[in-house]
> 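Please read through the structure below; I'll follow up with questions.
The analysis underlying the following values was restricted to heavy atoms, covering all of them including side chains, and did not include hydrogens, waters or symmetry mates. Here, residue 1 is the first one in the sequence, and each next residue gets the next number. Every number for a ligand or one of its atoms is a count from 1 in the order of the listing.
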Amino acid sequence: MPSLKNIRELSLQELKDYFVSIDDKKFRAMQAYEWLWKKNARSFSAMSNLPLALRDKLAQQFSFPALETESTQYSSDGTIKTRFKTHDGHFLEGVLIPTEKRETACVSSQIGCSLSCKFCATGLMERKRNLHFDEIYDQVAIINEQSEKTHGRKLSNIVFMGMGEPLLNYKNVLLAIDRITSPDTMNMSPKRITVSTAGVAKKIKQLGDDKVRFNLALSLHAATDEKRDQIMGINETNNIQALVDALNYFYLHTKNDITLEYVLLKGQNDSLEDAAELVKIYRKIPTHLINVIEYNPVAGIPYTTSGTDTTEEFTRYLANHRVNVRVRHSRGKDIDAACGQLANKE
Ligand code: SAH
């Protein structure tokens, strides 16, 4: 039997055309569309204002591979980690990070990751497959529901900092963001969305050509090729100069915010010489901020967290050299929900 078409690949117009083709009423298309994208139905049977016979017909003609929530973990600091299950039995994770002012969803773009950054838990996993755009959308919609239920407010921000490399799933990430920002769905501002990349120069330029409206974060983590090669294999094909060029291109074409991320690894990239190299890179990139990230230790990985004094000296050096710097402490560590800890642990 040929596999059924995923109903969420249809645009509103295509859905309308389909309803006309089966001699049904056009307004039903709008009702179905709302269930698919606004009211977050997870099955045809949940579409309660559609006649039963119509729900059955849709189920015979289309598939609806929505994400299911497998389990939810609550951190003592308010962070919530959700484990999702795909229709074909894979698992992935997404996190809700509440602060006083914000409700941020951290979402995954792939199941596992094809990169193997030496310090990252997801990097230890094999990449199983890309997430489809509706699966990325589902994570956001489900985490948004959690935010409304637990804190009485909608998501304010979305970061693609979960599992996977978003720019190696370019098409689906852009389609998902298109849905999330569409006025007939969640209507979120693209200015509140940040895609984080380990640095795929060609794709960063493509974002510029595509004139995207969301922000970009680059996981730099080392300021010389020699050091970056050691911790991020991707640097061998996308070196720092290539990334500097790509980011300038991106900025020229979009004027969107760029943030540099720098995880401090004890004895590896946290000396004042490292800070001096970092200042040089900062000057070459149209960025307004370096996020210095506290490293979250991962079982089986030898890197450790820099001490408080080292972290302070490092950031003071940057600030003294007119770098806008912020230290990002981790959230949700007690439930393995912090950066680089997402690895589907039971
Ligand atoms: N692949 C993308 C997004 C996923 S990781 C990227 O590389 O940017 C999100 C961020 O967490 C990246 O900056 C990543 O380098 C960082 N990270 C990975 N492992 C970490 C760890 N154990 N502790 C702190 N940050 C980590």
> Do Asp274 and Lys227 meet the salt-bridge criterion of a basic N to acidic O distance under 4.0 Å?
yes
> Whether Arg129 and Asp88 form a salt bridge (side-chain N of Lys/Arg under 4.0 Å from carboxylate O of Asp/Glu) is what I want to check.
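Yes, charged N to carboxylate O under 4.0 Å.
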> Mark yes or no: Lys280 above the aromatic ring of Tyr282, with NZ or CZ under 6.0 Å from the six-membered ring centre and no more than 45 degrees from the axis.
no
> Please verify whether a non-hydrogen atom of Met232 lies at under 4.0 Å from ligand 1.
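Flag not set, Met232 not near ligand 1.
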> Using a strict cut-off of 4.0 Å, indicate which atoms of ligand 1 neighbour a heavy atom of Glu261.
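Atoms satisfying the 4.0 Å criterion: 13 (O).
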> Between Phe19 and Phe27 (judged by ring centroids, cut-off 6.0 Å), do the two rings come close enough to count as a pair?
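For Phe19 and Phe27, the ring centres are not under 6.0 Å apart.
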> Is the shortest side-chain heavy-atom distance between Leu265 and Asp270 below 4.5 Å?
no
> Met163: heavy atom below 4.0 Å from ligand 1, yes or no?
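Checking ligand 1 against Met163, which is what was asked, there is no heavy-atom contact under 4.0 Å.
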> Heavy atom of Gly162 under 4.0 Å from ligand 1?
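Yes, Gly162 has a heavy atom closer than 4.0 Å to ligand 1.
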> Evaluate Glu68 against Lys85 for salt bridge (Lys or Arg N to Asp or Glu O under 4.0 Å), listing each step before the verdict.
CA-CA 5 Å; Glu68 281 171 33; Lys85 188 175 177 188; 5.7 Å; no
> Below 4.0 angstrom from a heavy atom of Val298, which ligand 1 atoms are there? Numbered from 1 as shown, please.
22 (N)
> Output yes when the distance from some N or O of ligand 1 to some N or O of Gly164 is under 3.5 Å, and no in every other case.
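Between Gly164 and ligand 1, an N or O pair is found under 3.5 Å apart.
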> May I ask you to say whether Lys149 pairs ionically with Glu145, meaning some side-chain N is under 4.0 Å from a carboxylate O?
no
> Just let me know how Val263 lines up against ligand 1, side chain, backbone, both or neither, with a heavy-atom cut-off below 4.0 Å.
side chain
> Which atoms of ligand 1 have any heavy atom of Ala198 under 4.0 Å away?
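Listed by number with element, the hits are 6 (C), 7 (O), 8 (O).
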> Based purely on interatomic distance, does Glu294 place a nitrogen or oxygen under 3.5 Å from a nitrogen or oxygen of ligand 1?
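Between Glu294 and ligand 1 (N or O atoms, distance only) the closest approach is not under 3.5 Å.
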> Which ligand 1 atoms, with their elements, are less than 4.0 angstrom from a heavy-atom of Cys120?
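So the answer, numbered in order with elements, is 18 (C), 19 (N).
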> Taking the six-membered ring for Trp, is the centroid-to-centroid distance between Phe62 and Phe44 below 6.0 Å?
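No - the distance between ring centres of Phe62 and Phe44 does not fall below the 6.0 Å cut-off.
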> Please state which part of Glu165 comes within less than 4.0 Å of ligand 1, counting heavy atoms only: side chain, backbone, both or neither.
both
> Which of the atoms of ligand 1 are close to Thr197, meaning less than 4.0 Å from one of its heavy atoms?
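The atoms of ligand 1 under 4.0 Å from a heavy atom of Thr197 are 6 (C), 7 (O), 8 (O).
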